[in-house]
Trainee: 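One structure, as structure tokens, below. Some questions next.
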Amino acid sequence: MAVARFQIYRSADDAVTWRFLSANNRSLGQAAQRFVDADACSRAMVELRAKLTEISATTARETPSQLWSWRVRLAGLDLAVSSRKYHRRVQAQYACRSFLGLVADAQLADLPRVVHF
């Protein structure tokens, strides 16, 4: 059975980052930064999962598109951002709550392998 999960990937510019996929492979959120290697990326995913009760979530309207997005922060540092933009603020807020809930239930015992794009 498919479940929501983290995926680590190496982008075209050779940076490593993560994204969080729903059970149907839709990207729900992604790292706010890039990492030097898969180990650093894995540590960031573990930290996000471990500190869910300490983070704050915000939504913002982007200019000039006027679309909404969300971000998750800890101690003034962005940890995760939305993978898509939303027409309504309430949609962005719902998507963020959904992301946080699914991350809380995600298993990190078997950290994902790096995929190349």
Trainee: Should L21 and L79 be counted in the same cluster of Ile, Leu, Val, Met, Phe, Trp and Tyr side chains packed under 4.5 Å apart?
Mentor: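 No, separate clusters.
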
Trainee: Is it the case that more than 12 heavy atoms not belonging to R26 sit under 6.0 Å from its CZ atom?
Mentor: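 Open.
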
Trainee: Give a yes or no answer on whether the side chain of S42 reaches the backbone of A38 with a donor-acceptor pair at less than 3.5 Å.
Mentor: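 Yes; judged by distance alone, with no hydrogens or angles, the pair exists.
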
Trainee: Any side-chain heavy atom of Y9 sitting closer than 4.5 Å to one from T17?
Mentor: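 Heavy-atom side-chain distance check passes, below 4.5 Å.
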
Trainee: Looking only at non-hydrogen atoms, find the nearest pair between Q66 and R61 and report the distance.
Mentor: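 Q66 and R61 have their closest heavy atoms at O-NE, 3.1 Å.
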
Trainee: Do V72 and L102 sit in the same hydrophobic cluster, where Ile, Leu, Val, Met, Phe, Trp and Tyr count as joined when their side-chain heavy atoms come under 4.5 Å apart?
Mentor: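 Yes, because V72 and L102 connect within a single hydrophobic cluster, where side-chain heavy atoms sit under 4.5 Å apart.
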
Trainee: Answer yes if I55 and L28 sit in the same cluster of Ile, Leu, Val, Met, Phe, Trp and Tyr residues linked by side chain heavy atoms under 4.5 Å apart, and no otherwise.
Mentor: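 Result: yes, single cluster for both.
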
Trainee: Please tell me if the side chains of V90 and W68 come closer than 4.5 Å, counting only heavy atoms from C-beta onward.
Mentor: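 No; the side chains remain at least 4.5 Å from each other.
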
Trainee: Can you measure from CE (M45) to CD (Q7) and round to the nearest 0.5 angstrom?
Mentor: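 Reported value, rounded in 0.5 Å steps: 10.0 Å.
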
Trainee: Would you check if R5 and N25 make a side-chain contact, meaning some heavy-atom pair closer than 4.5 Å?
Mentor: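 Counting from C-beta outward, R5 and N25 do come under 4.5 Å.
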
Trainee: Would you give the length of the straight line joining atom CG of L74 to atom NZ of K51, rounded to the nearest 0.5 angstrom?
Mentor: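 The NZ atom of K51 is 5.5 Å from CG of L74, to the nearest 0.5 Å.
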
Trainee: Could you check whether any side-chain heavy atom of L100 comes within less than 4.5 Å of a side-chain heavy atom of W70, counting everything from C-beta outward?
Mentor: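 They are not in side-chain contact.
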
Trainee: Would you give the length of the straight line joining atom CD of E47 to atom CG of L52, rounded to the nearest 0.5 angstrom?
Mentor: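 The distance works out to 10.5 Å.
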
Trainee: Tell me which one of K85, Q91, R88 satisfies side-chain contact (heavy atoms from CB on, under 4.5 Å) with L67.
Mentor: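 Running side-chain contact (heavy atoms from CB on, under 4.5 Å) over K85, Q91, R88 with L67 returns exactly one hit, K85.
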
Trainee: Tell me whether R43 is salt-bridged to D39, with the criterion being a basic N under 4.0 Å from an acidic carboxylate O.
Mentor: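 A salt bridge is absent here (no side-chain N lies under 4.0 Å from a carboxylate O).
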
Trainee: Quick one, S69 with E62, criterion side chain to side chain donor-acceptor pair (under 3.5 Å). Give me CA distance, side-chain angles, the key distance, then yes/no.
Mentor: CA-CA 7 Å; S69 64; E62 298 181 4; 2.8 Å; yes

Trainee: Specify whether W18 and F99 have parallel, tilted or perpendicular ring planes, treating 30° as the upper limit for parallel and 60° as the lower limit for perpendicular.
Mentor: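 Because their plane-to-plane angle is under 30°, the rings of W18 and F99 count as parallel.
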
Trainee: For a quick test of reading the model, state the closest non-hydrogen atom pair linking A106 to R49 and the distance between them.
Mentor: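 Smallest interatomic distance, heavy atoms only, reads O-NE, 3.0 Å.
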
Trainee: Nearest 0.5 angstrom please: F20 CZ to L48 CG, how far?
Mentor: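 Nearest 0.5 Å value for the CZ-CG distance: 9.0 Å.
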
Trainee: Once you round to the nearest 0.5 Å, how far does OG1 of T59 lie from OH of Y86?
Mentor: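 If I round to the nearest 0.5 Å, the distance is 11.5 Å.
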
